[in-house]
Amino acid sequence: MALITLPTKAVDDDIGASVHTSDSRPKLYENEDQDALQKKTSQYLFNYGIKFMPDIICGARGLYVYTAKGHRVLDWTSGQMSCLLGHGHPEIVQTIADHAAGLDHLFSGMVSPPVISLAERLYSLLPPGLDKAFFLSTGGESNEAAIKIAKVYTGKFEIVAVNGSWHGMTAQSLSVQYHYGRKGQGPLMPGMHMLPAPNAYRSIFRKPDGSYDWETELDYGWSLIDQASCGSLAAVIVECIQSSAGIHVLPPGYLKALKKHCERRGMLLIVDEAQTGVGRCGEMMAIMYEDVVPDVLTLSKTLGNGLPLSAVVTSAEIEKVCIERDYNFYTTHVNDPLPAAVGNKVLEIVVRDNLVEHSRAMGNILHEGLRVLQSRYGCIGDVRGRGLMAGVEIVADRKTKLPAIELASSIAQKAYELGVWANLSSHESFGGVFRIAPPITVTKEQIQEGIGMLEQAFASTPGTMPLY
């Protein structure tokens, strides 16, 4: 069967000087012995909760990673959903080199130009009410800090999150992570509550016409929380797109409704934009689709282009109260100059090179290609997402929506062999969903290349239920 040819749309091929297609393999580790490295992996590396892939990655450049055996793979997850501008972006490399040589790390009470510049640039890009920022290392750390802000500001301690969420590995972040990683350590933080997952594909809350009734679902969730609460509700934390849960976009109006629920109960709204922020979804921030200003915004992954950098942004009023109440989140790497310089450069490049618009245009092409695949293979139950974040859910039957995790694993393995890495969420709580989030510097040709390899993987894997 002939491979699909994607419909083409008018796309400005010159958009953004950052769009680069270099695919030359880095020479840093070009002569490594993969078998020897695999043995050392088993001998020396602690398993922190994931099965290591058998291939050893010895290089990364542009949109590609390279194995010790020379296999070139199109990276459709931006590393860990983080390399927003691709691997080894020359301006990011230069920024790192300059600051490693001249301004790398300081005493945590000292302030430096890149930290001030990053805070100022964020202020210029965010809506009023998100005025004050500080910078940490990971998304879990920024969410930990945000939850502490909510508790100190409100004087209350109960936190509400959403089923399927992923907010990090620190104590409070993990306690509001209703997904995976909660077992084996005894009690988590007290006072944590869960709303139903806004899963339009699988929710049992339906209107008479069969459409998703998220309003009733959300109200029902809050009725349960109000019954369970001890009267100390401090905040809600939510992702605009639940990535780890399988790329579930909040329904239109959901975030505004959530904000109203918070206001009604004297709670703060925390929005975690670890993966959706900085242009990934076709807007600078995903909150801009809903015109909602959270009380606290957290950023990570995309802001540092793969370096450990996160941000907590809130209002001057909240900062004032937190100062009065002795808020403290003093860490070794708070406001470090080197990662802040990288974050500032990332934002500069995204704005200068029109990468938000580029992400939106490339996202349209990506989703169009995935929908073509859905029309050709019965095992694709749903295609969803926004901008350059896409989810492809694999099922055994479209009517029953029974997950087909083993089939999805076979497709993923074949796709990787062909040369495209699209992360498969294969744990039971994920349900067999491909998470696709290439760097926003991706070109139309690279999207077509990846779609073509996915097509080959579906075509050559038994059980995909071809419809042609």
### Message
Closer than 4.0 angstrom, basic N to acidic O: yes or no for E368 and R371?
### Response
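So E368 does not pair with R371 through a salt bridge.
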Ignoring hydrogens and geometry, is there a side-chain-to-backbone donor-acceptor pair from [X] to [Y] under 3.5 Å?
{"X": "Q172", "Y": "I147", "result": "no"}
{"X": "S244", "Y": "W166", "result": "no"}
{"X": "T302", "Y": "G277", "result": "yes"}
{"X": "Y178", "Y": "H193", "result": "yes"}
{"X": "N199", "Y": "Y201", "result": "yes"}

### Candidate list L250, V271, V236, test side-chain contact (heavy atoms from CB on, under 4.5 Å), partner L258, passing option
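Passing option: V236.
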### Query
Can you tell me if T464 and T461 form a side-chain donor-acceptor pair at under 3.5 Å?
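Looking only at side-chain atoms, T461 and T464 do not form any donor-acceptor pair under 3.5 Å.
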#### Entry: Heavy-atom side-chain proximity of E393 to F434 below 4.5 angstrom
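Heavy-atom side-chain distance check fails, nothing below 4.5 Å.
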Taking every non-hydrogen atom, the tightest pair across [X] and [Y]:
{"X": "G343", "Y": "L118", "answer": "C-CD1, 3.7 Å"}
{"X": "S375", "Y": "L467", "answer": "O-CD1, 3.5 Å"}
{"X": "V312", "Y": "S142", "answer": "CG2-O, 3.6 Å"}

### salt bridge (Lys or Arg N to Asp or Glu O under 4.0 Å) pairs, two or more places apart, involving residues 269-282
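Passing the test, one end in residues 269-282: no pairs.
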### Message
Can you confirm whether more than 12 heavy atoms, excluding those of E215, are under 6.0 Å from its CD atom?
### Response
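Result for CD/E215: enclosed.
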### For W222, all residues meeting ring pair (Phe, Tyr, Trp, His ring centres under 6.0 Å), sequence neighbours excluded
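Checked W222 against ring pair (Phe, Tyr, Trp, His ring centres under 6.0 Å); matches are H261.
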### Task
Return the set of residues passing ring pair (Phe, Tyr, Trp, His ring centres under 6.0 Å) with H333 (not counting sequence neighbours), or none when no residue passes.
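Partners of H333 by the ring pair (Phe, Tyr, Trp, His ring centres under 6.0 Å) criterion, ordered by chain and then number, come out as H105.
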### Task
Would you kindly check if the NZ (Lys) or CZ (Arg) of R386 is within the cone defined by 45 degrees around the ring axis of Y289 and under 6.0 Å from the six-membered ring centre?
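Pair R386/Y289 counts as cation-pi.
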